[in-house]
Amino acid sequence: MQNIQPRSIQVHPSDNVAIVVNEGGLPAGTVFESGLVLKEGVPEAHKVALTAIPKGAAVIRYGVVIGRAVREIPAGSWVHEGILTLPQAPALDQLPSPREDQQFLPPLEGFTFEGYVNDDGTVGTKNILGISTTVQCVSATVEYAVKKIKAELLPYYSNVDDVIAITHPYGCGIAIDAPGAEIPIRTLRNLSLNPNLGGAPMVVSLGCEKLQPSRMLPSDTLPVLTTQSYVVRLQDEEHRGFGDMVQAIMSMAEERLRKLNQRRRVTRPASDLIVGLQCGGSDAFSGVTANPAVGYAADLLVRAGATVMFSEVTEVRDAVDLLTSRAASKEIADGLAREMEWYDRYLQQGAVDRSANPSPGNKSGGLTNIVEKALGSIVKSGTSPIRGVFGPGERVTTKGLVFAATPASDFVCGTLQLAASMNMHVFTTGRGTPYGLAMVPVIKVASRTALAERWFDLIDVDAGTIATGKATIQEVGEEIFRLILDVASGRKQTCADRWGLHNEFALFNPAPIT
Ligand code: CA
């Protein structure tokens, strides 16, 4: 222990706390190079007071007040949840206006990837047959059929990467015309139209359900390819027994596989990428290592013309005043406030607020409260102006950096980002999660080297090297950018894809069920 160099990271010059870098934390009596002596043991990633903080005074990290001291905090103390109050979230009617002097970084030319071009102009990073369902009642049947398709048909269509069943608990027993019901409905619609599904949607319906195929996927949203027949309805009289139903699904699937199989990757500009950013299982390092590196990559992507979306409303809410000034227009700033307001009301209905967000693991990882978590989370968005705001499950139609409003819950957010047209996903984690999605490749970035080493076959990028001084934010950011292009092209595989770790879809349904 005595040979270990004590290390801490102070993010902003005005911060009066820093986080402890050393694995396993540091004991009482540790002396830092600055002369600061630890009054008590401070766990790894947790905060230490750099100066004495009087009772009622602001505790500052990222240059922002993350709380106030409930008692005097001597220099060298462990600053944790129990001795901080939670500040009010920024008032939504007093948010800063967009800055006039916003810097557009110079465009980056010449970056490409190899993708599958769809009729609607979108580009896939995988070539997948997706089989949508209107209702939970058909899920088991579709999953049975998909198992058979994978075993008996897919081997003959070697240019098709996968066959996936888009199953969910929605579709019946629901208040389908309630405000908010459009969210799960458009999510299911837009999932079927994700660029990685090749514009070849097919739908399996039961027949008597509330969410009819024509409502889920109206004909004007269907690609040319499938306007003829795209629905297998299990209650149709032509199906005699289970075998007939499975056969009908397999026949339509084979038609689709034949078409998908003719497609080849072609060179496309990086501007065809739609990259969704998310974090899950964050710790106090996330905001200084993984998320800034992803933010750097986000800026490179935006400069190369791509769409980059960030999400997770409860992890944006407390820092929204830092984002409205980055909106490209007044309408976009208003859009951000509108999505925050909608979510405030949604949480109120459940008798909670955004403070319900941090998990026990976030807290053991040094994140005291939602303010600190949000400040670390929005760093993923980089520095570009925000060019668009989209509601949950809406398709993103703007290039550049956009905000796609979603809950922060990992699978709900991932599902909504897929509906928004995401074709690449970057996911940062500090505590560690084996998260993966079948529809798009997920690049996982660890905030700590200890995690990246322990989970050597689950983590794609180690951003912990930024904390230990072995690499810069710029270097790791460039590594992530290059890896996105390689994975999008099928040249490299993510850890999650190597193991086939594909979590289930999780719909966001804020409307009543009946
Ligand atoms: Ca999340």
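This one's a predicted model, so the numbers in the text were calculated from it and none came from an experiment. Throughout, numbering of the chain's residues begins at 1 and tracks the sequence. Remember, it's 1-based here, ligands and their atoms both numbered in the order they're listed.
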Legend entry - Side chain to side chain, Glu143 and Thr167, heavy atoms closer than 4.5 Å: yes
Legend entry - Ala408 atom O and Asp410 atom OD1 as seen from the Ca ion (ligand 1), angle to 10 degrees: 90°
Inset, instruction - Ignoring hydrogens and angles, state whether a donor on the side chain of Asp162 or His502 is under 3.5 Å from an acceptor on the partner side chain. - result: no
Legend entry - Metal check, the Ca ion (ligand 1) vs Cys279 N/O/S, cut-off below 3.0 Å: yes
Legend entry - Tyr346 and Phe508 aromatic centres sub-6.0 Å: yes
Legend entry - With the Ca ion (ligand 1) as the apex, the OE2/OE1 angle for Glu312 and Gln278 - to 10°: 90°
Inset, instruction - Please check if any side-chain donor atom of Asn196 sits under 3.5 Å from a side-chain acceptor atom of Thr125, or the reverse. - result: yes
